[in-house]
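Before any comments, here is the structure.
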Amino acid sequence: MLEIKNLHVDLEDEEKTILKGVDLSVEAGKVHAIMGPNGSGKSTLSYVLAGRDGYEVTEGSATLDGVDILDMEPEERAAAGLFLAFQYPVEIPGVGNMTFMRTAVNAQRKAKGLDEMSATDFLKMVREKAATLKMDNEMLKRPVNVGFSGGEKKRNEILQMAVLEPKMCILDETDSGLDVDAMKLVAEGVNALRNEGRGFLVITHYQRLLDHIKPDVVHIMSEGRIVKTGGPELALQVEREGYEDIKAEVA
Ligand code: ADP
Ligand code: MG
Ligand code: MG
């Protein structure tokens, strides 16, 4: 589904190469995790897939269902079924959470040639999904993420994901800054969205999130490359031994 081949990425403003040949393919229905030390390029990979400015792809490709996404605008990527939840969700003062999600859903429906969803149907759908995430209806009325706690922001991203029903979900450090209960809630939200047609790429620094979101495949990223791939046991090895041993092993 998501196929990344030999991806090389430089910073636009500096002579610096961050990604040095990333190869990765995530099949539909699977959860892949990427772990790796700070500064290894995990967030950069998610930014490049999202289409954020400031990065230059110098080599390689990334496709979703065979379609090149690197040439698309960020909103086209979203319409193609890509969803990214970032480490630091942005606050959007003045834009109501419901309005934001409804605009996103209708933009996607339009791209697929579907009619807009009525306000009533949309409200019903969002309330149902918010309830499964134990989100207060009050949060739906507030401006996007403004004044939300760390945990509420992450839960809000999972809600956006549930509402948009993407094909491929990428979560960058969704667990950072969350207490155990909030992390479990996020994990439950993700697990509820797992299905045969949807792939997940879960980027995390620590193993603990993977106790709750059981990955099918675990990759270790180091210095801009995937250096090791294995099953869930690889995450446990990292937890036990740290990254240094794995780095030495592959060096
Ligand atoms: P990770 O998410 O694995 O911690 P990042 O992708 O955030 O790693 O960063 C990878 C490397 O690229 C780091 O050395 C970081 O300092 C550098 N980097 C990323 N983005 C920028 C930027 N905009 N300006 C300068 N350095 C950057
Ligand atoms: Mg450059
Ligand atoms: Mg990061």
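Since this is a predicted model, take the numbers as computed values, not measurements. Count residues from 1 along the sequence.
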Under-4.0 Å salt bridge between E233 and R240: no
salt_bridge(K153, E91) N-O dist < 4.0 Å: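 Salt bridge: yes.
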Reported OG1-to-CD distance for the pair T103 and Q108, which is rounded to 0.5 angstrom: 12.5 Å
Inter-residue atom distance T63.OG1 - L70.CG, 0.5 Å rounding: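 It is 9.0 Å, given to the nearest 0.5 Å.
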H32 and H219 aromatic ring geometry - parallel, tilted or perpendicular at 30°/60° bounds: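 Rings of H219 and H32: parallel, under 30°.
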Step-by-step side-chain contact (heavy atoms from CB on, under 4.5 Å) determination, D65 to M1: CA-CA 5 Å; D65 286 338; M1 173 180 277; 3.8 Å; yes
Smallest separation among heavy atoms of [X] and [Y], with atom names:
X: R208; Y: H212; answer: O-CD2, 3.4 Å
X: C169; Y: R198; answer: SG-CD, 4.0 Å
X: I220; Y: V238; answer: CD1-CG2, 3.5 Å
X: H205; Y: G36; answer: ND1-O, 3.2 Å
X: T44; Y: L19; answer: CG2-CG, 4.2 Å
X: K20; Y: H8; answer: C-NE2, 3.6 Å

Side-chain touch [X]/[Y], heavy atoms, less than 4.5 angstrom:
X: M101; Y: F122; value: yes
X: F148; Y: R155; value: no
X: K214; Y: N191; value: no
X: M98; Y: R127; value: no
X: L7; Y: L45; value: yes
X: D211; Y: Q207; value: yes
X: T204; Y: L210; value: yes
X: K110; Y: L114; value: no

Evaluation steps, salt bridge (Lys or Arg N to Asp or Glu O under 4.0 Å), between R142 and E138: CA-CA 7 Å; R142 280 159 53 183; E138 202 50 41; over 6 Å; no
N/O donor-acceptor pair under 3.5 Å between E188 side chain and L185 backbone: no
Side-chain donor or acceptor of N6 paired with backbone N/O of G21 under 3.5 Å: no
Polar contact flag, side-chain donor to acceptor under 3.5 angstrom, N97-N156: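 Judged by distance alone, the side chains do pair up.
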Stepwise salt bridge (Lys or Arg N to Asp or Glu O under 4.0 Å) check, D10 with K16: CA-CA 6 Å; D10 284 1; K16 190 171 178 190; over 6 Å; no
